[in-house]
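Please read the structure below before turning to the comments.
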2 protein chains.
Amino acid sequence: MAKHEPDLSLLFHALADPTRRSILTRLAEGPAPVTELARPTGLRLPTVMRHLSVLETAGLIATSKDGRVRSCAIVPEALVPVRTWLDEQRAIWEDRLDRMDEYVMKLMEERTQ
Amino acid sequence: MAKHEPDLSLLFHALADPTRRSILTRLAEGPAPVTELARPTGLRLPTVMRHLSVLETAGLIATSKDGRVRSCAIVPEALVPVRTWLDEQRAIWEDRLDRMDEYVMKLMEERTQ
DNA sequence: GTGTTAGTTAGCCGTATGGCTAAGCATGAA
DNA sequence: TTCATGCTTAGCCATACGGCTAACTAACAC
């Protein structure tokens, strides 16, 4: 389709993996270095690094290096476009419901005449 | 990680494709047969069918066949787990902010004594 | 400096994804 | 019955994904 929302695809794709979601949940509680994020996953460091880079590319986390330790932190506002899309989607749906409701009302009115 | 939320992964993955999102947006306005959904995408029918089956597996749409026409309709409540996850995520984050705030307040209090 | 710790890079491997064509099946119209 | 329509299935192809090992670099600790 080549839509003009590459970020949404990046975001949803980043969120589609349980490991990445668990990392985000962990980071919601506060920043953490790579190794600490890796430990509970049971995955090797390079694998986790890849997940982190997916998250960072999507803008969901930000990282900074202090000495040899890279600290990762969540970027909560990155989820805004996701919420916005959900809201828009719901708005269209509800709008349609309203119009359908109106239509049914009109039908019933006509019938009772 | 083998988390116990296969649906969330399915949902996010289904939403990660612009074609599938555009199909959902179209369906939010009302049900439509497969061919009509395919037209604006510029994709071949089998390709669109695959997208539809991804959406259906994720529970985002429901389909029913009448004669040789398969009608697709949106399942709005399918997005609830997504919203819930976002809310939980935000809750953890805000909780942390509150605790941090509290901590800073305490520090300032101690300093002014 | 030697060694350990924390990341990082490169590259392999099997599977999944997203596109396609070609061919098949079922229904409705003529 | 024949034909067009609307979907469906099978299967090919290139690329992307998610895991891994091995080897390398950059601190910090002795």
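Only a predicted model underlies this, so the values are computations on that prediction, with no experimental measurement involved. The chains referred to below are lettered A, B, ... by the order of the sequence lines, with proteins before strands, and numbering in each begins at 1. Just so you know, these numbers use all the heavy atoms, side chains as well, and skip hydrogens, waters and symmetry mates.
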Does A/Arg44 put a side-chain nitrogen or oxygen below 4.0 Å from OP1 or OP2 of D/dT21?
yes
Atom pair distance, as rounded to whole Å: CG in B/Asp17 and C1' in C/dG19
11 Å
If I take atom CE in residue B/Met49 and atom P in nucleotide C/dT21, what distance separates them, rounded to the nearest angstrom?
16 Å
Answer yes or no: does a side-chain N or O of B/His13 lie under 4.0 Å from OP1 or OP2 of C/dA16?
no
Respond yes when some side-chain nitrogen or oxygen of B/Arg68 is under 4.0 Å from OP1 or OP2 of C/dC25, and no when none is.
no
Value in whole Å for how far the P atom of D/dT8 lies from CG of B/Leu37
12 Å
When rounded to the nearest 0.5 angstrom, what distance separates OG1 in A/Thr25 from CH2 in B/Trp93?
13.5 Å
Taking NZ, NE, NH1 and NH2 as the nitrogens, is one of them in A/Asp17 or A/Arg21 under 4.0 Å from a carboxylate oxygen of the other?
no
A/Arg50 side-chain N/O to D/dC17 phosphate OP1/OP2 under 4.0 Å:
no
Whole-Å gap separating P (C/dT5) and CG (A/Asp66):
19 Å
Given atom CG of A/Leu43 and atom C1' of D/dG18, what is their separation to the nearest angstrom?
9 Å
Distance, rounded to the nearest Å, where B/Phe12 contributes CZ and D/dC17 contributes P:
17 Å
Categorize A/Pro46 for me: base, sugar-phosphate, or nothing, with a 4.0 angstrom heavy-atom threshold over every strand shown.
base
B/Leu15 has an atom CG; how far is it from atom C1' of C/dG18, in whole Å?
17 Å
Could you check how far CG of A/Leu52 sits from P of C/dA6, rounded to whole Å?
15 Å
Take A/Pro33 and B/Val54, find for each the nucleotide of DNA chain C with the closest heavy atom, and name the residue whose nucleotide sits nearer the 5' end.
A/Pro33
A/Asp95 with A/Arg99: basic N within carboxylate O range, under 4.0 Å
yes
I want to check one thing: is the phosphate of D/dT8, taken as OP1 and OP2, less than 4.0 Å away from some side-chain N or O of B/Lys65?
yes
Does A/Arg90 use its side chain to pair, donor to acceptor, with the backbone of B/Leu79 at less than 3.5 Å?
no
Ignoring backbone atoms, establish whether B/Thr47 has a side-chain N or O less than 4.0 Å from OP1 or OP2 of C/dC20.
yes
Is the count of non-hydrogen atoms from other residues, nucleotides or ligands lying under 6.0 Å from B/Arg26 atom CZ greater than 12?
yes
